[in-house]
Amino acid sequence: MSDIPHEYTGADLLALPEKARQQHRVAKKMLAAQFEDQAPADARLLTKAVASAHLVGILRPETIQVPRYQDGEHTVVDVPVLEALLADKTSASDRTRVAELVHRSMAKPVVLFAHMPDGATALSLALSHVSRTDPTRSTSVIDAHVMVPTGGIEPSALHLDRLDRTDMWALYRDLVRTAAADGRPASTALRAPDAIALRRRLTDLESELVTVVRDAKRAKNQQQRIDLNMAARTLRAQIGHVRGTLYSADGDHDTV
């Protein structure tokens, strides 16, 4: 599979208006150029792991009717929407690293849809700021990053007209918050960094629960099984609490 399918899913998931849509190929060399001098290994990873990339949209005040934003740390005038097809045999850790590098390669918020070789798609978003130590570099420093499978996101939840349209930075942060909660955040008071932290905590707890349940089934000692089952019960309670804080009550995920 050498190219991104002609039907770009990202523009539709965001319900981009026609004037915000683009269809331009992005050279891998452009993404990697920012890292060639100081982080050549990262530049090589981008070149190797990204099979192809396209710019499929640009969010601007004039294309989506949302005001620009500027403060001491952020100037958000436009937000590119990218789609990247990842190469075969790219590990899960490398996929996350590549997504982070794409966000770092630009001095602005980026919406990235990463297409996996197996056909799945993940939405990658990052809260970031321009480097304070070297503001002349056209790169970003990531404060928090989230990568969410698009298949689990509630339909139409990411449509731009459903997000906070106060300004471009508020829109992006609300997109992060909403995506981290699979399209159904528990509260409008839930901030984007907190949603990312909760998502990460939930993922860690669910992974730990899978391991504990597996070990309990394999345990030959009865006391070990009892202890592991108690640990699993505690983990389920913790998972329930995190889910309740992250997700709305309707349609909560089933417990592992």
Minimum heavy-atom distance [X]-[Y], with the two atoms named:
{"X": "D42", "Y": "R104", "value": "OD2-NH1, 4.1 Å"}
{"X": "L205", "Y": "Q238", "value": "CD2-OE1, 3.4 Å"}
{"X": "A216", "Y": "N229", "value": "CB-OD1, 3.7 Å"}
{"X": "P61", "Y": "R68", "value": "CG-N, 3.8 Å"}
{"X": "P80", "Y": "P109", "value": "CD-O, 3.3 Å"}
{"X": "A32", "Y": "L46", "value": "CA-CD1, 3.9 Å"}

Selection residues 55-67 - residue pairs positive for side chain to side chain donor-acceptor pair (under 3.5 Å), sequence neighbours left out:
none
Side-chain contact, heavy-atom cut-off 4.5 Å: [X] with [Y]?
{"X": "R173", "Y": "D164", "result": "no"}
{"X": "L190", "Y": "L198", "result": "yes"}
{"X": "L209", "Y": "R236", "result": "yes"}
{"X": "P117", "Y": "T90", "result": "no"}
{"X": "L59", "Y": "V66", "result": "no"}

Pairwise distance [atom1]([X]) to [atom2]([Y]) - rounded to 0.5 angstrom:
{"X": "R243", "Y": "R199", "atom1": "CZ", "atom2": "CZ", "answer": "10.5 Å"}
{"X": "T121", "Y": "M116", "atom1": "OG1", "atom2": "CE", "answer": "7.5 Å"}
{"X": "E83", "Y": "L123", "atom1": "CD", "atom2": "CG", "answer": "10.0 Å"}
{"X": "D182", "Y": "L246", "atom1": "CG", "atom2": "CG", "answer": "7.5 Å"}
{"X": "L158", "Y": "T150", "atom1": "CG", "atom2": "OG1", "answer": "9.0 Å"}
{"X": "I58", "Y": "Q22", "atom1": "CD1", "atom2": "CD", "answer": "4.5 Å"}

Taking it one step at a time, do L14 and F113 satisfy side-chain contact (heavy atoms from CB on, under 4.5 Å)?
CA-CA 11 Å; L14 299 176; F113 290 92; 4.2 Å; yes
Using a 3.5 Å distance criterion without hydrogens, assess whether the side chain of [X] forms a donor-acceptor pair with backbone atoms of [Y].
{"X": "R200", "Y": "H145", "answer": "yes"}
{"X": "R21", "Y": "L16", "answer": "yes"}
{"X": "Y172", "Y": "V110", "answer": "yes"}
{"X": "T47", "Y": "A43", "answer": "yes"}
{"X": "S140", "Y": "M106", "answer": "yes"}
{"X": "R165", "Y": "I64", "answer": "yes"}

Should L31 and L101 be marked as a side-chain contact (heavy atoms from CB on, under 4.5 Å) after you check the CA-CA gap, both sets of side-chain angles, and the distance that decides it?
CA-CA 8 Å; L31 297 175; L101 289 172; over 6 Å; no
Salt bridge (charged side-chain N to carboxylate O under 4.0 Å, His left out) pairs, two or more places apart, involving residues 72-82:
E73-R132, D78-K108
Angle between ring planes, H74 versus W169, binned at 30° and 60°: parallel, tilted or perpendicular?
parallel
Between L171 and V76, does a side-chain contact (heavy atoms from CB on, under 4.5 Å) hold up when you go through it step by step?
CA-CA 10 Å; L171 180 88; V76 186; over 6 Å; no
For the NZ atom on K28, are there more than 12 heavy atoms of other groups (residues, nucleotides or ligands in this structure) within a distance under 6.0 Å?
yes
Nonpolar side-chain network containing V141, other nodes, edges under 4.5 Å
none
Report the hydrophobic cluster partners of I226, with the cluster defined as I, L, V, M, F, W, Y residues connected by side-chain heavy atoms closer than 4.5 angstrom, directly or transitively.
M230
Find out if a path of hydrophobic residues (ILVMFWY) with successive side-chain heavy-atom gaps under 4.5 Å connects M30 to V102.
yes
Between V176 and I142, is there a shared hydrophobic cluster once you connect ILVMFWY residues whose side-chain heavy atoms come closer than 4.5 Å?
no
Looking at residues at least two apart in the chain, or sitting in another chain, which of them share a side-chain hydrogen bond (donor to acceptor under 3.5 Å, both in side chains) with R214?
none
Could you work out, with side-chain hydrogen bond (donor to acceptor under 3.5 Å, both in side chains) as the rule, every residue matching S91, not counting sequence neighbours?
S93, D94
Quick one: do D194 and R177 make a salt bridge, cutoff under 4.0 Å?
no
